[in-house]
Amino acid sequence: MKVTIDRNAGFCWGVVRTIDVAEEEMQSGEALYSLGPIIHNPMEIERLKEEGLETISLNDFGSLRGKRVLIRAHGEPPSTYDSARRLGITLIDATCPVVTKVQERIRKFYDNGYQIVIFGKKDHAEVIGLVGHTNNEAVVIKSVDEVEKVAQGRKTVLFSQTTMDKATFYKIADLLRQRIQDFVVGTFEESAIDFHAKDTICGQVSGRDKKLREFASANEVMVFVAGRNSSNGKVLYDICHEANPRSHFIEHPGELQPAWFSGVSTVGISGATSTPQWLMERVKQAIEQYQV
Ligand code: SF4
């Protein structure tokens, strides 16, 4: 049985950068706290915890005066920076530059009076950060079924959480454009209402579609490794499963089932942008043990 790790899988550069910042900051030996899990991968969180990175939540801020807190790649709303300033907490800002750029663009449209619509998951940390840049006024929709939440008659701009699915983004953009045109027709408005769709899906996720499809089809069985709460992990796994129905999602090697590999000659291993290389290596070693 030939077991191959997808060479396009593994950390995206934004995550590599965040972990590098954390590891560098921990070298001083001074305590470092991560606001929320640094990455959507429990195994990597555990490894970094052993190095001294403790995960905290906003509720712990009150007891962290004078301490250092890391902002992870997802970013934070402006209110977090305000609280840290007020409480004398030093923030180590490791927000992914791609996310920072989206925050800045959203802010600009918001300041220019636009209704902001975000295609994303309202409880996802990145989305909470983005919404914070609109004074919590942005409308968050996670599917085409929710376009009716968007008010008509206002100039509107659609953005996306960086890890969402491109095809759905464009479906939502078309529906919103149509909805706005219907409004214009229905009310005999003379000038069209302004609508923009800004595809802010990160190339590190969308660029992988095609390569992942090819890799998944080239193997008899696929094992996709990611944290269950990883947003891009879900998107990429769906692509993998579509290309190869014999795909299995696991978080750690303990979830592998020997029956998946019986009589199989090629197995592919892939993962999300938050899946560490060492974890995929460990999965590979575990699968190789099933060889007869
Ligand atoms: S997926 Fe893109 S936006 Fe998200 S952390 Fe990685 S590089 Fe940054």
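None of these values were measured; they are calculated from a predicted model. Residue numbers run from 1 in the order of the sequence given.
A salt bridge links Arg47 with Glu51; the closest basic N to acidic carboxylate O contact falls under 4.0 Å. Between Asp6 and Arg208, at least one side-chain nitrogen of the basic residue sits less than 4.0 Å from a carboxylate oxygen of the acidic one, meeting the salt-bridge criterion. For Glu25 and Arg68, the salt-bridge test passes: some basic side-chain N is under 4.0 Å from an acidic carboxylate O. Looking at Arg86 and Asp82, no side-chain N of the basic residue comes within less than 4.0 Å of a carboxylate O on the acidic one, giving no salt bridge. Comment: Arg177 engages Asp174 in a salt bridge, judged by a side-chain N to carboxylate O separation of less than 4.0 angstrom. Salt bridge absent: Glu30 and Lys67 never bring a charged side-chain N and a carboxylate O closer than 4.0 Å.
Counting heavy atoms from C-beta on, the side chains of Thr200 and Arg105 come closer than 4.5 Å. Residues Val139 and Ile116 have side chains not in contact (no heavy-atom distance under 4.5 Å, counting atoms from C-beta outward). For the pair Gln204/Thr162, no side-chain contact is recorded, criterion being any heavy-atom separation below 4.5 Å from C-beta on. Using a 4.5 Å cut-off on side-chain heavy atoms (C-beta onward), Thr18 and Ile39 make no contact.
Applying the 4.5 Å side-chain rule to ILVMFWY residues, one finds Trp13 in the same cluster as Val98.
Geometrically, Lys198 does not engage Phe159 in a cation-pi contact defined by less than 6.0 Å to the ring centre and at most 45° from the axis.
Across all their heavy atoms, Ala272 and Ala226 have their closest contact at CB-CB, 3.8 Å. Heavy atoms only, all atoms of each residue included: Tyr33 and Leu53 are closest at C-CD1, 4.1 Å.
The local environment of CD in Glu104 is crowded, with over 12 non-hydrogen atoms from other residues, nucleotides or ligands closer than 6.0 Å. By the 6.0 Å contact criterion, NZ on Lys108 is open, its count of non-hydrogen atoms from other residues, nucleotides or ligands being 12 or less.
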*asked:* Ile141 vs Val147, test: side chain to side chain contact (heavy atoms under 4.5 Å, CB included). Steps then yes/no.
replied: CA-CA 7 Å; Ile141 56 176; Val147 292; 4.1 Å; yes
*asked:* Run the ring pair (Phe, Tyr, Trp, His ring centres under 6.0 Å) test on His241 and Phe224 for me, step by step, so that the C-alpha distance in whole Å, both residues' side-chain angles and the decisive distance to 0.1 Å come before the verdict.
replied: CA-CA 9 Å; His241 192 262; Phe224 192 90; over 10 Å; no
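Judged purely by atom type and a 3.5 angstrom limit, Asn219 has no side-chain atom pairing as donor or acceptor with the backbone of Met222.
We find the SG-NZ distance between Cys96 and Lys101 to be 12.5 Å, quoted to the nearest 0.5 Å.
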